[in-house]
Protein chains: 2
Amino acid sequence: MTGPKSGIRTTHVPGTGKTPSVVCEVFSSDPQKVSRWQGQLPALAAVAGLFKVLADETRAKIIYLLAHEELCVCDIATILDSTVSNISHHLRLLRAHHLVKYHREGKVVFYSLDDEHVLHLISEAFDHVKHR
Amino acid sequence: MTGPKSGIRTTHVPGTGKTPSVVCEVFSSDPQKVSRWQGQLPALAAVAGLFKVLADETRAKIIYLLAHEELCVCDIATILDSTVSNISHHLRLLRAHHLVKYHREGKVVFYSLDDEHVLHLISEAFDHVKHR
DNA sequence: ACCTCATTTGAATGATTGCTCAAGTGTTCT
DNA sequence: AGAACACTTGAGCAATCATTCAAATGAGGT
């Protein structure tokens, strides 16, 4: 199968002002460009998944905090003016993506960043949103 | 106001095994660490907003495509096996964030990337999800 | 054993999001 | 003017998500 969204479309070549060379092409628009991309697209689902993790203000702040120092859940909640439960839920997600590490000291659990790369990603995005 | 989530929490110092030095501290957990962060957190809402735009497989792929060549809506839809309407909705969002530029040629609208920085962000995230 | 505290977990809620369908706009051609 | 085409837009829907509350777990102190 060629996918449920496929259909009959026409052809366009930019710049030339040409009329559609083919009126009814099955499952492709511009044969040249379209066929060139066949199987060439990298799997960006995982990339989008990583961005989803970072696409939340609270989580971005948690990462930023933990990049600078080790903190317990309670402290993070206080600093971010949130609830312990809420922060714990977010940490659970960050843990699942191996972005944070933790160790228990008595009753308290201390979290810290386990992936400097994501901090770099955040700071780069921060620079991006600043100058424009 | 100090925020709706504030409450009375206790103090913890990692490593020392110390007992909470203060039992009831209003609106703060570890006074040392918490106060150090007062007003020090950068505004990461916009950063999270940018990541939200990238946190979708279809949009990530559109950006990847447009980084390599100029394409019309119809072609993008064909390559990504989606509908023209769906792609147009995504392009609308990308346009609102000034990530893509476009120009009309007759009936056809050609889109291309207007922000190489986001491509760098994507390729960096791609490298990240690969080796682990 | 019991109580307290720090954190985790699950269920419930409201908000946001991606996609689809149908209708609308703008452009070209006859 | 009218038809055909490329694209845009808005409403509607199901799925996902962030947050909250209440209950559960785990560890230390008495």
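Protein chains get the first letters and strands the later ones, always in sequence-line order, with residue 1 at the start of each.
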(request) Please state how far atom CG in Asp81(A) lies from atom C1' in dT19(D), giving the value in whole angstrom units. (result) 13 Å
(request) Specify the residue among Gly106(A) and Asn86(A) whose closest nucleotide of DNA chain D lies further upstream toward the 5′ end. (result) Asn86(A)
(message) What residues from residues 55-65 of chain B pass a heavy-atom cutoff of under 4.0 Å to DNA chain C?
(response) Asp56(B), Thr58(B), Arg59(B)
(request) Answer yes or no: does a side-chain N or O of Thr83(B) lie under 4.0 Å from OP1 or OP2 of dT20(C)? (result) yes
(message) Under the rule for side-chain hydrogen bond (donor to acceptor under 3.5 Å, both in side chains), what residues qualify as partners of His98(B), not counting sequence neighbours?
(response) Arg132(A)
(message) Which nucleotide wins on minimum distance to the side chain of Lys52(B), given the candidates dC19(C), dG26(D), dT17(C)?
(response) dT17(C)
(message) Between dT9(D) and Ser85(B), counting only base atoms on the nucleotide and side-chain atoms on the residue, is there a donor-acceptor pair under 3.5 Å?
(response) yes
(request) Give a yes or no answer on whether the side chain of Lys33(B) reaches the backbone of Ile76(A) with a donor-acceptor pair at less than 3.5 Å. (result) no
(message) Distance check needed: dT17(C) C1' versus Phe51(A) CZ, whole Å only.
(response) 18 Å
(message) Nearest whole Å is fine: how far is dT20(C) C1' from Leu80(B) CG?
(response) 17 Å
(request) Answer with yes or no whether the side chains of His97(B) and Asp115(B) bring together a donor and an acceptor at under 3.5 Å. (result) no
(request) Indicate, with a heavy-atom threshold strictly under 4.0 Å, whether Val108(B) touches base, sugar-phosphate, or nothing. (result) sugar-phosphate
(message) Taking any heavy-atom pair under 4.0 Å as a contact, classify Val73(B): base, sugar-phosphate, or nothing.
(response) sugar-phosphate
(request) Please state whether the phosphate of dC7(D), meaning OP1 or OP2, lies under 4.0 angstrom from any side-chain nitrogen or oxygen of Ser88(B). (result) no
(request) Report the distance from atom NZ of Lys107(B) to atom C1' of dC5(D), rounded to the nearest whole Å. (result) 4 Å
(request) Would you kindly give the CG-to-P distance between Leu71(A) and dT7(C), to the nearest whole Å? (result) 11 Å
(request) Please state how far atom CZ in Arg104(A) lies from atom P in dC5(C), giving the value in whole angstrom units. (result) 16 Å
(message) Any residue in residues 89-96 of chain B with a heavy atom nearer than 4.0 angstrom to DNA chain C? Just list them by number, or reply none.
(response) His89(B), His90(B)
(message) Using the side-chain contact (heavy atoms from CB on, under 4.5 Å) definition, which of the options Ile79(A), Val109(A), Ile62(A), Ile87(A) pairs with Leu71(A)?
(response) Ile79(A)
(message) Taking only side-chain N and O atoms of Tyr111(A), does any of them lie within less than 4.0 angstrom of OP1 or OP2 on dT8(C)?
(response) yes
(message) Distance check needed: dT27(C) P versus His103(B) NE2, whole Å only.
(response) 15 Å
(message) Using a 6.0 Å cut-off, check whether atom CD of Glu124(A) has over 12 heavy atoms from anything other than its own residue.
(response) yes
(message) When you measure from the side chain of Ser82(B) to the backbone of Thr78(B), do you find a donor-acceptor pair of N or O atoms at a distance under 3.5 Å?
(response) no
(message) Before you tell me yes or no, could you show the steps for Leu65(A) and Leu80(A) under side chain to side chain contact (heavy atoms under 4.5 Å, CB included), namely the whole-Å CA-CA distance, both residues' side-chain angles and the distance that decides it to 0.1 Å?
(response) CA-CA 10 Å; Leu65(A) 283 173; Leu80(A) 299 187; 3.8 Å; yes
(request) Can you establish whether the number of heavy atoms outside Glu69(B) located under 6.0 Å from its atom CD is more than 12? (result) yes
(message) Given 3.5 Å as the limit, does a donor-acceptor pair link the side chain of Lys52(A) with the main chain of Phe51(B), or not?
(response) no
(message) Check whether Tyr102(B) forms a cation-pi arrangement with Arg95(B) (NZ or CZ under 6.0 Å from the six-membered ring centre, at most 45° off the ring normal).
(response) yes
(request) Please state how far atom CD in Glu105(B) lies from atom C1' in dC29(C), giving the value in whole angstrom units. (result) 18 Å
